[in-house]
Amino acid sequence: MLAGKRILLIIGGGIAAYKALETIRRLKEQGAAVVPVLTQAAEEFVTPLSVSALAGVAVHRHLFDLTAEAEMGHIELSRAADLVVVAPATADLIAKMAGGLANDLASTLLLATDKRVLIAPAMNVRMWLHPATQRNLATLRADGILTVGPNEGDMACGEFGPGRMAEPAEIVAATAAALGEGPLKGRHVLVTSGPTHEPIDPVRYIANRSSGAQGAAVARALADLGARVTFVTGPAAVPPPAGVAVVQVETAAQMLAAVQAALPADAAVFAAAVADWRVAGASAQKMKKQAGRLPALELAENPDILATVAQMGAGRPRLVVGFAAETENVLAHASAKRAKKGCDWIVANDVSPATGIMGGTENVVTLVTEAGAEDWPRMGKDAVGRKLAQRIAEALA
Ligand code: C5P
C-alpha cells in the first residue's frame, strides 16, 4: 500500500513512544521507507539503537550534527519525505508547532518542511483537554495539519479519557489516506448521516435521537481507506470527520437534493435517520398559543432517499447500503427492508432504549447481504465503521 513512499517519522517524548517502534515495523511492512527522528525527550523512552535497528537506517537526533549536515542538511531532510508523521505528538511538540518554534531538530524539520504533516497526539487527559492544547490544535488544523486520534481509554498514567495515542494500525491507515493511497483510492463514496429536522414553524421542528456518530465513523473509515467521501449530514450532535467533503442539510427534502447533486458515486451508505414525515404546510410564522385550542399537525410523507437511489436504474451506485434501526424482530424487518428498498446491504441494529445504542458509543449490528445475515460482535461505532469500510473496499475491488 505504501511501496516507494518515504516517511519522515518524528518521535516525541512520551510513554506512547513505544508504539512508534511498532508503527515503524508496520509502515515498513506496507513497503514504506521510514527515516526516524528522535527528540531529546523521546530518548528517555526509546533508544536510538532500537529505532534505527527497526527502521534499518540511521536515526537523526541533533540539529547541530556536522556528520548529518554533511550527508543531508536538515532542510533537505524535511523535504525528501513524501509525508511527515509525528508520533507521539506530545503537548510540547504540538505547542511548538503551533507557535512556529524551531529550537531543536524535530521542530526545525516541522517548520522547514513543504510536505503534509500528520500528527498522532498522545498525552495525559488533562493536558489534552487543557484550553491551551485545544487552542494549539485548532491552529494546527487551520494550517492543514492532519491528525489521527487520540483515542479514549485507560492511560499509562492511570487516568481514563481521551489522550491515548492512536494504534499503529490506525496511524498506518491515516498515513496511507494522507498520501491518497488505500484500497478505495480513486473511489467516490457518498454517506448520509445524522437526523433530519422537519420544521413545524420557524422555531419548532420534529426530530429524532440520532447523534450521527455511526455515520461519521463510517465516513471517517472510508476516507482512511483512501476514498473521496461526500458526507451529507443533518444537524448531528457529533462533528463531521476531517478529510471529507461535508454538505450540511436540515430536512429530508434537502438531503435528497444534496444526495442527487453528489452522484455519481461508486458506493452510497445511508446511515442518516431520516424523518419519515414532515409537517404539511409548515407555518411561515411562529404559531401562537390559543387558549383552549390545540393545533392539529397534518403530516406528509418524506421521500425515501435510500429507495430512490437504490432503484434509480442508470447511474445507480454499484453498492447501495442502508441501515435499519429496529426495536424488535431486527433480522426479519431488516431482510424485508432490503428487498423492499432494493438496496444491496442492510446494516441492522437494535435501538431499543435498553441497548443504549442510540446516542451511545457502541453498536451491535447484523449485516444482511444477498448471501445471508452475519452477526457482528458488540464493538465501538468506530470499529463498526472500519469493518464496514473494509467490506465496502472488498466489494468494490
Ligand atoms: O424505512 P427506514 O427508515 O427504517 O429505513 C432506514 C434506511 O432508509 C436507512 O438507511 C435510512 O438512511 C434510509 N431512509 C432514507 N430516507 C427516508 C427514510 C429512510 O434514506 N425517508
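Both ligands and their constituent atoms are indexed starting at 1 by order of listing.
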If you take all heavy atoms of R116 and A178, which pair is closest and at what distance? NH1-O, 3.4 Å

salt_bridge(K387, E374) N-O dist < 4.0 Å: no

Output the set of protein residues with a heavy-atom contact under 4.0 Å to ligand 1, ordered first by chain identifier and then by residue number. F270, A272, V274, D276, P303, D304, I305, L306, G322, F323, K337, K341

Those residues at least two apart in sequence (or on a different chain) that pass ring pair (Phe, Tyr, Trp, His ring centres under 6.0 Å) with H74 are none

Apply ring pair (Phe, Tyr, Trp, His ring centres under 6.0 Å) to F45 and list each qualifying residue two or more places apart in sequence or on a separate chain. none

All side-chain contact (heavy atoms from CB on, under 4.5 Å) counterparts of A272, not counting sequence neighbours: T192, M255, V274

For a side-chain hydrogen bond (donor to acceptor under 3.5 Å, both in side chains) with K96, tell me which candidate from D104, N136, T108, T39 qualifies. D104

